[in-house]
Number of protein chains: 2
Amino acid sequence: MTEIEKKLENNGIRPTAMRILIYKFMAQKEVAIALTDIEDAFVKAERTTLYRTLKTFEDKGIVHHIDDGTGISKYALCEQGCNCELDQDLHLHFHCSNCDKTVCLTDHKIPHINLPDGYIAEDANLVITGICEKCSGH
Amino acid sequence: MTEIEKKLENNGIRPTAMRILIYKFMAQKEVAIALTDIEDAFVKAERTTLYRTLKTFEDKGIVHHIDDGTGISKYALCEQGCNCELDQDLHLHFHCSNCDKTVCLTDHKIPHINLPDGYIAEDANLVITGICEKCSGH
DNA sequence: CATTAAATGCACTTCCGTTGCATTCTTTAT
DNA sequence: ATAAAGAATGCAACGGAAGTGCATTTAATG
C-alpha cells in the first residue's frame, strides 16, 4: 500500500484508482486546483465523479476549499497539521491577475481584527490579488 | 434638482427615474445589496435594467462591488471620499452567517501584508464571516 | 421638431455548481 | 467462493446567477 493509499484510508476515504490519481495530480501541483483543471487532466473521467471526489476530500479534511474571488471554486491539499476545518489555519491566498493561478501562502496567517461590539467572528477569508513571483520575473 | 440627481450628474450618470429610485433604495439600506434584492423591491422593472444600473454605478464610482464569499455579487454606496477604484479604501466586509447580510466595516482597513519576494499586491479582499451585532443581540 | 445618443425591455446564452437515479464496483458476511 | 449490502461511478438533467445582442423607447441636443 502506497503512502497515498494510507493517507486516504487514514482519513476514511476509500482509495479507489480515480481518487489516487486525483490526489497525485493535486500533490504535484503547487497551485490551487479548480474542477475544470482536473477535467482537463482526466478527460476520460466523468465531471461528476471528479466533483464528488473533491467534495469527499474536502469533507474528510485532506483538502481545503479556496474562494479566490474569481467565482471559481478551487482546492488545495492541506499541509501537515492544517486545521482549516477548525478555522485555525486561516492563511491567506494570492491570486495572480496575470496567469490566473492561486496559491496558498501558508506562512502568512490572517491578522487578528478587532471587530465592533456585538460582532462575532467565525471565519475569515483574505485574498490578495496581484502579480505572482513567476509573472513578475522574481 | 435633488441631491441625488446632482450626485448622479456629478458622476456622469444620467439621472433617470429608475436610477434615482435604485439610488434611494441603496441609500436607505445600511447593508450591501444584491441584484436579487433590487429585483424583489422593484418587481415591475426588468432584471437587465437593474443589472446594468448597478454596473453603471460601479463604473462611475458611486458604488463598490463586494464579494462576500457567498457567490452572489453585492454592492454598496461609496461613502464620502471612498477611493475604492484606486485600491485606497480597502475596508473589510462582514458577512453574517445567520441573517445572510453583508456590511461594510469602513473604519476597519485591511492591514498591510508583507508578501514573499516577487509578489506584487494590487488589490485585497478580506471578508469576516460570523454573527452580526443584530443577530448576536448586541 | 428632427436627429442622435443613451436607457430600457425582451429573449437568450453561458458557466459553474449541484442533484437524482441507474449501474458498476468493492467490501463483508455467510 | 458467493451472495448481499454499501459505496463509488456514469449519465442526464436542473438551477441560479452573470452576461450579451438587438429592437424599442426615452431623453437630450441643435
Side-chain angles (χ1 to χ4, degrees), chain A residues 1-2 4-25 32-60 62-75 95 100 102, chain B residues 1-2 4-25 32-60 62-75 95 100 102:
Chain A
M1 189 182 297
T2 69
I4 292 178
E5 287 179 81
K6 276 183 209 160
K7 173 83 180 172
L8 294 178
E9 291 218 327
N10 287 342
N11 287 277
I13 303 169
R14 294 228 298 233
T16 66
M18 198 73 247
R19 286 168 172 179
I20 293 168
L21 283 173
I22 294 175
Y23 190 95
K24 276 185 190 164
F25 178 76
I33 303 294
L35 177 57
T36 50
D37 296 327
I38 303 185
E39 281 182 56
D40 293 344
F42 300 94
V43 284
K44 286 184 259 181
E46 255 310 295
R47 215 169 60 92
T48 320
T49 305
L50 304 175
Y51 169 76
R52 283 198 255 238
T53 299
L54 282 174
K55 266 285 163 60
T56 303
F57 283 6
E58 188 189 2
D59 290 346
K60 300 299 184 178
I62 65 170
V63 143
H64 64 269
H65 178 267
I66 298 169
D67 173 7
D68 63 4
T70 60
I72 295 164
S73 289
K74 301 201 176 141
Y75 299 86
H95 176 243
D100 195 41
T102 298
Chain B
M1 189 185 294
T2 68
I4 292 178
E5 288 179 80
K6 277 183 208 160
K7 172 83 180 173
L8 294 178
E9 291 216 330
N10 287 342
N11 288 276
I13 303 168
R14 293 229 299 234
T16 65
M18 198 72 247
R19 286 168 173 177
I20 293 168
L21 284 173
I22 294 176
Y23 190 96
K24 275 185 192 163
F25 178 75
I33 303 294
L35 177 57
T36 49
D37 296 328
I38 303 186
E39 282 183 56
D40 293 345
F42 301 93
V43 284
K44 285 184 257 179
E46 254 308 297
R47 213 174 55 87
T48 320
T49 304
L50 304 174
Y51 170 76
R52 284 197 256 239
T53 299
L54 283 175
K55 267 283 162 61
T56 302
F57 283 6
E58 189 190 1
D59 291 346
K60 300 298 185 178
I62 65 170
V63 143
H64 64 269
H65 177 267
I66 298 169
D67 174 8
D68 64 4
T70 59
I72 295 164
S73 290
K74 301 200 174 141
Y75 300 85
H95 177 243
D100 195 40
T102 298

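Any value given below was found using the heavy atoms of this structure, including those in side chains, with hydrogens, waters and symmetry copies removed. Lettering of chains follows the sequences in order, A, B, ..., and the numbering in each one begins at 1.
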Give a yes/no answer on whether the side chain of [X] brings an N or O atom under 4.0 Å of OP1 or OP2 in [N].
| X | N | result |
| --- | --- | --- |
| A/Thr16 | D/dT9 | yes |
| B/Thr49 | C/dG9 | yes |
| B/Thr36 | D/dG16 | no |

[X] has an atom [atom1]; how far is it from atom [atom2] of [N], in whole Å?
| X | N | atom1 | atom2 | answer |
| --- | --- | --- | --- | --- |
| B/Leu50 | D/dA17 | CG | C1' | 14 Å |
| A/Leu8 | C/dT27 | CG | P | 13 Å |
| B/Ile13 | D/dA27 | CD1 | C1' | 16 Å |
| A/Ile72 | C/dC15 | CD1 | P | 11 Å |
| A/Lys44 | D/dT9 | NZ | C1' | 16 Å |
| A/Glu9 | C/dT26 | CD | C1' | 12 Å |
| A/Ile20 | C/dC25 | CD1 | P | 17 Å |
| A/Leu21 | D/dT9 | CG | C1' | 14 Å |

Min side-chain heavy-atom separation [X]-[Y] under 4.5 Å:
| X | Y | answer |
| --- | --- | --- |
| A/Asp100 | A/His95 | yes |
| A/Met18 | A/Leu50 | yes |
| A/Leu8 | A/Ile62 | yes |

Closest non-hydrogen atom pair, A/Ser73 against A/His65: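 Minimum heavy-atom separation between A/Ser73 and A/His65: OG-NE2, 2.9 Å.
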Among B/Ile20, B/Ile4, B/Thr2, side-chain contact (heavy atoms from CB on, under 4.5 Å) partner for B/Pro15: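 It is B/Ile20; the other options fail the test.
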Whether B/Asp37 side chain and B/Ala34 backbone form a donor-acceptor pair below 3.5 Å: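 The answer is yes, because a donor-acceptor pair under 3.5 Å joins these two groups.
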Backbone of B/Thr70 reached by a side-chain donor or acceptor of B/Asp68 within 3.5 Å: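 Yes, because the side chain of B/Asp68 sits within donor-acceptor range (under 3.5 Å) of the backbone of B/Thr70.
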Under 3.5 Å, N/O pairs linking protein and nucleotides 18-20 of chain C:
residue: C/dT18; atom: OP2; partner: A/Tyr51; partner atom: OH; Å: 2.9
residue: C/dT18; atom: OP2; partner: A/Lys55; partner atom: NZ; Å: 3.1
residue: C/dT18; atom: O5'; partner: A/Tyr51; partner atom: OH; Å: 2.9
residue: C/dT18; atom: O4; partner: A/Arg47; partner atom: NH2; Å: 2.9
residue: C/dG20; atom: O6; partner: A/Arg52; partner atom: NH2; Å: 2.8

Nucleotide of C/dT8, D/dT9, D/dA8 approaching B/Arg19 most closely (side-chain heavy atoms):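 Among the listed nucleotides, the one closest to the side chain of B/Arg19 is C/dT8.
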Side chain of B/Glu46 (C-beta onward), nearest among C/dT8, D/dA8, C/dG9: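 Of the candidates, C/dG9 comes closest.
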